[in-house]
Amino acid sequence: MSQEIQQFRATLPINEFKQEILKQIQENTFIIITGDTGSGKSTQLPQYLLDDEEFRLNICQKRKKFLEERVEEKEQPKVQGFLSKKLKPFVPEDRINSTDLKIVVTQPRRMAAISMAKRVAFERNQNLGIEVGYSIRFDNSTTNTTQLRYVTDGILVRECLQDKDLTGYDVVILDEAHERSLYTDVLFALVKTAAKRRKGSLKVIITSATLNINIFKNYFEGCPYVKVHGKSFPVEVKYAEHNITQQKRNHDAVNAAIRMHLHEGPGDILVFLPGSEDCEVCRKFCYERLAEVLNSGVEVPSVLLYTLYGSQTSEDQSQVFQRADEHTRKIIFCTNIAETSLTIDNIGFVVDTGYVKQKVYNPRTGMDSLIIQPISKTQAIQRTGRAGRTQAGKCYRLFSKQFYESLSEHTTAEIMRVNLASVMLLLKSMGIDDVVRFEFMEQPTQEAILQSLRQLYLIQAIDEDGQITPMGYEMSRYPLEPSYAKALITSKMMECSNEMSAIVAILSTESIWQRITRVDVDGYQKLQEIQSQHADPAGDHLSLLKIFSEWKQATFNEQFAKDTLLNLRSLKQADNIRQQLQQLVEGTSKKKCSQFYDQDYLYKLFRKQKDSKKWNINESIKLALCSGFYFNTARKMHNGEDTYLMVYPEGTVVDTDPQSVYTVIQQYPETVIFTELGGTSQVRGVMKLISEINIEWVKPYFSNMVKVDLFKLARIEFQQRGRDAVQERRQKKIQEQEKQKDLEQKQKLEKHQLYKARFEQRKKVKM
DNA sequence: GAGCACTGC
């Protein structure tokens, strides 16, 4: 067996580059390895290092030197909170003399971490956890002896909180770095600073798909890169003559798929669409079209139609992966999920509509909107590649070559499109104060940073000088958005933390209700009936808690979940998270917190009210929610029942979510708070997850919100020394933007001329 | 006048 494995390992494309890679790693701190999937880099690279005796001894020596010097320096973190006990500097005594090489490999997805650890353990003929293991949230297979750990990127970020020099590792491999998840972007910055402090005793390897390596090279100071070829087949790309309109998108996609089915050789067809509803609509339409073709007397070879998207049950998803018989072709209508997360074998053809749904965060309004957008070139190439994994393939793009040229080079990194409050709090809790100047690989907008600081200040995670508070330290322990962490900590003080940890856990998962589309009329009506039966006029948060508790009381019954149209997968996940949160809440000291809460208006209110007869636990839960979300207060406008006016920013009008219990029971309270603002129009927000409150509870906080001194908060006066540098960067950015603008203008003009020429030509023909 | 892509601690 092991000989077989050795032979297999030798055939992997990366094997040819083994010596070169090892040489570069010896000589450099940072190294980039590019190569497409199938090159074997994720599984082989760490093994090359593990098996290289010289490398191991060399790096252990360097590590020993570094740790001895650091212990002598008695380095302390810059600021220390009195609430958090975990912030003592990490001095791993046993690491000083250890001759074990420790490697960590980060993955953007949990499944990838597990399967790679299993694969490598298998290749080394070992049980999982001895030498090789994985660690993901809620699931850890590693022990003290584990030398190679596959982890999700979020896990390594959490580990950085306790050990910012990453002294527990000798090598960090950031795998699939081109995907640029929020945590990989944070890790780039953390790992870069750690490696510099470690003076050559920490090696950093970044692996990425072949594209956009320049941005990595710039960030890691022109470090060397090794290019490894993958195993893939050529894919022929065809463009449509004209771009499709939104109305005709599904129509054209189905026709393209049918044309391929009738005229092409073997190989399944993958059709990329923006949304799950599009998938269902297309499947239905495809059946109808195929029936029409059949009726017209054309012979149609046997075919199976599937859909594939994230909110399906895993049973529905697994059907797609079952093999059809030799003479039957599969057509799969899918969303972005098939772009990277799920890989289907035997795809020979791809139809690409050129669009995705993407979440965009607007820092000014604090609103998340889900918008249909054109894909990036990188995405188009990725989608195309899905046709060339097992055979030479074809990709039909439902847009013109010009449209492709006009697409942006890369997908906008996540860090550029999310609320940065938790990232900023993370940095502050690690002693990085000057977040405005913090060097990310790609700089988020100043506005986004300032708005997140504002939010952190409003929930007292940082003080008016931008310095992290003990409360902020406490919040950073929780794997939650800071506002949820605040609500949870407050709930401990207000004696309702069991309830709050359940609520927050439910909100951390996808909907606990089954997703039923409007196409399913009966199901949709039934869902609405059940929802109204369980609706609690106290609000969405308490209604969710109620249904969750009922499921728990029914002893986690599967049938109960089915009957009440609940999503069992989300329920189980929510309960898992609830347990984790409860453990964290136990670690929060009520006594120490009271130093803060004794001054707190909401807490005083709680103390005053809690002995009165009218008071019940629901009120406490709502007060705790207010402590994290009071800036999301809205009051009813009387021109339209479900239209509300936010207290801040002034003049912001918001609607009620049609899914909210208040829409279901058709009662709209005077004053509400909400925990999420969303929508699809970017113009007007929709309040999601709403609870009725008493305006008197939050009134004393309103003046805070108006007089936030962002200048002070951002510690701008601390930056005088570095002002020139900032100015220079800003200038450069403006120049780049202008260049980009010019380019776009030029492209627009060219496009216009092209259309004009075509129009003239057609006119001529008609004449 | 609104209905939801994908991850992750």
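Labels below follow one simple rule: chain letters A, B, ... track the order of the sequence lines, proteins then strands, and each chain is numbered from 1.
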Nearest-Å distance for atom pair CD/P, residues A:Q659 and B:dC4: 10 Å
Minimum-distance nucleotide to A:R109 side chain [options: B:dG1, B:dC4, B:dT7]: B:dT7
Over all atoms of both residues, closest heavy-atom pair of A:S508 and A:I577: CB-CD1, 4.1 Å
Side-chain donor-acceptor contact under 3.5 Å, A:R397 with A:T384: yes
Sugar-phosphate only, base, or nothing, as touched by A:Y478 at under 4.0 Å among non-hydrogen atoms: nothing
Nearest to side-chain heavy atoms of A:S341, which nucleotide of B:dA5, B:dT7, B:dC9: B:dT7
Closest listed nucleotide, where the reference is the side chain of A:R137 and the choices are B:dA5, B:dA2, B:dC9: B:dC9
Between P of B:dA2 and CD1 of A:I371, the distance in whole Å: 13 Å
Interatomic distance where CD belongs to A:E280 and P belongs to B:dC4 [whole Å]: 14 Å
Of the listed nucleotides B:dC9, B:dA2, B:dC4, the one nearest the side chain of A:K688: B:dC4
Nearest listed nucleotide, side chain of A:L370, among B:dA2, B:dC9, B:dC4: B:dC4
Qualifying residues under side chain to side chain donor-acceptor pair (under 3.5 Å), relative to A:T335, sequence neighbours excluded: none
Residue mapping more 5' on DNA chain B - nearest nucleotide basis, A:S508 or A:N336: A:N336
Sugar-phosphate, base or nothing in reach of A:P108, heavy atoms under 4.0 Å: sugar-phosphate
Nucleotide B:dT7, atom P - distance to CD1 of A:I337 in whole Å: 5 Å
Nearest-neighbour nucleotide for the A:D655 side chain, B:dA2, B:dC9, B:dA5 considered: B:dA2
Any donor-acceptor pair under 3.5 Å from A:Q312 side chain to A:T307 backbone: yes
Sugar-phosphate, base or nothing in reach of A:T335, heavy atoms under 4.0 Å: sugar-phosphate
Nearest-Å distance for atom pair CG/P, residues A:L420 and B:dC9: 20 Å
Distance in angstrom units between A:L480 CG and B:dG8 P, rounded: 17 Å
Selected nucleotide, minimal atom distance to A:T152 side chain, candidates B:dC4, B:dC9, B:dT7: B:dC9
From B:dC4, B:dC9, B:dC6, nucleotide with atom closest to A:R110 side chain: B:dC9
Touch class at under 4.0 angstrom, heavy-atom based, for A:I372 against every strand present: nothing
Sequence neighbours excluded - salt bridge (charged side-chain N to carboxylate O under 4.0 Å, His left out) pairs with any residue from residues 655-669 of chain A: A:D655-A:R684
Value in whole Å for how far the P atom of B:dA2 lies from NZ of A:K357: 15 Å
Atom pair distance, as rounded to whole Å: CD in A:Q358 and P in B:dA5: 13 Å
Per A:Y183 side chain, nearest of listed nucleotides B:dA2, B:dC4, B:dG8: B:dG8
Polar side chain donor-acceptor pair, A:R109 to A:S181, under 3.5 angstrom: no
